Amino acid sequence: MISDARVLQPEFIPSEVKHRDAEVNTLSSVLRPLTDGNRADPAFLYGPSGTGKTCIAQFTVERLREQVVDLNYQYVNCWEDYSRFKTLYSILDGINDTIDIHRQSTPKDVLLDRLRDYTGPPYVVILDEVDQLQDKRLLYDLYRIQNLTMILIANKETEVFASVDDRLSSRLTTATRLHFNHYSNSELNSILTDRVRWGLDPGVISDGQLSQITSKAAGDARIAIGVLRNAAQRAHENNLDIISDDVIRNVVPETKSEIQQKTIDRLTTHQQALFDIITEHGTIEPQPLYDEYENRVTDPKTKRTLRNHLSKLEHYNLIEAEGNTKARVYRAQA
DNA sequence: CCTGACAGCCCGGGAGAAACCA
DNA sequence: TGGTTTCTCCCGGGCTGTCAGG
């Protein structure tokens with residue numbers, strides 16, 4: 001059934017990408033100075049999830065690396081490394097300059113100094129989910145590093161620029177912006193067709209079934225590929241020779257909640273409790289929310305901390321917060 | 001009432017200095 | 001003396017109180 005599981009994984013980067021020629025070309029031309037050993041202006045990739053931002057960034061840099069003799073690059077996910085320290089650490093890690101600072105008690109901002117002292121070949125840093133970075137001033141510091149080229153990735157353009165101070169935003173306005181739209185159904189279809197050809201045995205899934213998957217994916221390649229992967233896995237577990245319509249139908253909602261669950265798993269128990277209460281109620285006012293939280297959790301945190309958690313949940317697009325002032329209502333994401 | 005910016009507190013943990021011990 | 005344990009300091013990060021503002 002499955003001949004190559006790798007190509008069905010979300011982090012797989014194909015050796016050629018489809019339907020993003022324009023984006024790849026634009027990004028390549030932005031990065032062109034690197035071929036002469038110079039730094040390139042920052043690029044800013046934004047658009048909804050599953051539209052290929054991360055993939056195209058990595059693909060383009062990889063391809064450039066094959067052409068350019070000397071080029072360092074590092075992928076940083078700012079969701080995981082959301083603090084200034086972690087992001088810097090991760091960036092330094094990309095040039096193997098962290099051997100002697102595996103520790104915390106290094107003098108303040110020695111990490112940034114390190115980076116300033118970097119004199120190697122051009123260094124490209126991909127900052128994914130950059131809107132999750134808690135201290136955006138870091139971007140300004142990074143911008144001023146010689147020889148460092150930034151590729152920023154986020155869902156919404158405004159999320160990043162809103163919380164950035166003026167010095168940086170005036171500079172970032174010159175950054176090349178690339179907007180990624182949802183894939184059309186036929187684009188998704190051809191992406192899936194490739195994955196099927198590379199990853200599955202011939203004949204296990206029909207064209208009609210692929211269309212069935214893409215129509216459920218709403219332009220999100222991550223969902224489409226995830227459904228394909230789960231369907232193949234499920235069919236394999238059930239000892240089926242081919243993927244049945246039933247399997248696909250069952251696996252669609254599972255895959256969607258699986259993707260959200262990945263986000264939820266990264267939350268602390270307190271954050272999860274808040275999230276659970278809000279989802280169960282649909283909408284809820286602050287006070288009842290606090291009350292219920294206190295009932296549900298041993299060793300509850302203070303209201304102040306809950307507000308921190310809630311704004312984080314909102315930032316992660318797990319909940320919505322309506323009304324800025326006393327009419328505040330928390331609402332589960334549709 | 002409720003929020004969000006700001007600042008300060010505390011905790012865990014690493015590092016280097018200091019103290020201790022054979 | 002050399003090796004080992006303890007002390008002290010510093011950092012990042014989570015949490016909280018305060019406070020102005022809606």
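In what follows, every heavy atom counts, from backbone to side chain, and hydrogens, waters and symmetry copies are set aside. All figures in this text were calculated on a predicted structure; none of them were measured in a lab. Reminder, nothing fancy here: chain letters follow the sequence lines and each chain counts from 1.
- An OP1 or OP2 oxygen of C/dG13 is reached within less than 4.0 angstrom by a side-chain nitrogen or oxygen of A/S83.
- The side chain of A/Y330 approaches B/dT3 more closely than any other nucleotide in the set B/dC6, B/dT3, C/dG13.
- A cation-pi arrangement is present between A/K86 and A/Y82, with the terminal nitrogen or guanidinium carbon under 6.0 Å from the aromatic centre and inside a 45° cone about the axis.
- Within 6.0 Å of CG on A/N317 lie more than 12 heavy atoms contributed by other residues, nucleotides or ligands.
- A ring-centre distance under 6.0 Å is not found for A/Y123 and A/Y73.
- The pair A/R234-A/E254 meets the salt-bridge criterion, since a charged nitrogen lies less than 4.0 angstrom from a carboxylate oxygen.
- Atom CG of A/L88 and atom P of C/dG12 are 10 Å apart (whole Å).
- Exactly one residue among A/T269, A/L267, A/L310, A/T279 makes a side chain to side chain contact (heavy atoms under 4.5 Å, CB included) with A/L274. That residue is A/L310.
- Of the candidates C/dG13, C/dT16, B/dT3, B/dT3 carries the atom nearest the A/Y290 side chain, counting heavy atoms from C-beta on.
- One atom, CZ of A/F85, and another, P of C/dC10, lie 17 Å apart when rounded to the nearest Å.
- A/Y89 has no side-chain polar atom (N or O) that falls below the 4.0 Å cut-off from OP1 or OP2 of C/dC11.
- Atom-to-atom, CG of A/L310 to P of B/dC2 comes out at 12 Å; the value is rounded to the nearest Å.
- A straight line from NZ of A/K303 to P of C/dG17 spans 12 Å, rounded to a whole angstrom.
- For the pair A/R39 and A/Y143, the cation-pi criterion (under 6.0 Å, within 45° of the ring axis) is fulfilled.
- Within the nucleic acid shown, A/H309 comes within 4.0 Å of sugar-phosphate atoms alone, with no base atom in reach, counting heavy atoms only.
- Listed nucleotides C/dG17, B/dC2, C/dG14 differ in distance to A/T302; the shortest reach to its side chain belongs to C/dG17.
- Sparse packing is recorded around CD of A/E16, with 12 or fewer heavy atoms of other residues, nucleotides or ligands lying under 6.0 Å away.
- Rounded to whole Å, atom C1' of C/dG13 lies 14 Å from atom CG of A/D81.
- Judged purely by distance below 3.5 Å, without hydrogens or angles, the side chains of A/D265 and A/Q261 pair a donor atom with an acceptor atom.
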Distances for protein N or O near nucleotides 19-22 of chain C N or O, under 3.5 Å:
residue: C/dG22; atom: N2; partner: A/T325; partner atom: OG1; Å: 3.2
residue: C/dG22; atom: N3; partner: A/T325; partner atom: OG1; Å: 3.1

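- Checking side-chain atoms of A/Q209 against main-chain N and O of A/I243 turns up a donor-acceptor pair under 3.5 Å.
- Near DNA chain B, defined here as any heavy-atom distance below 4.0 Å, the residues from residues 279-288 of chain A are A/P286, A/Q287, listed numerically.
- Within the cation-pi definition used here (under 6.0 Å to the ring centroid, within 45° of the axis), A/R20 does not qualify as a partner of A/F59.
- The side chain of A/R304 sits closest to C/dT18 out of C/dG13, C/dT18, B/dC2.
- In terms of phosphate contacts, A/R328 brings a side-chain nitrogen or oxygen within less than 4.0 Å of OP1 or OP2 of B/dG4.
- B/dG4 atom C1' lies 15 Å from atom CD of A/Q134, rounded to whole Å.
- Counting only Watson-Crick and G-U wobble pairs whose two distances sit under 3.5 Å, DNA chain C takes part in these stems of three or more pairs: B:1-22 with C:1-22.
- Using a distance-only test at 3.5 Å, with no hydrogens or angles considered, no donor-acceptor pair links the side chain of A/H179 to the main chain of A/E157.
- Across all strands, A/T305 comes closer than 4.0 Å to base atoms (heavy-atom distances).
- For the pair A/K303 and A/Y293, the NZ or CZ position fails the cation-pi test of under 6.0 Å to the six-membered ring centre and within 45 degrees of the ring normal.
- C/dC15 atom P lies 7 Å from atom NE2 of A/H270, rounded to whole Å.
- Residue A/E322 contributes atom CD, which lies 16 Å from atom P of B/dC2 at whole-angstrom precision.
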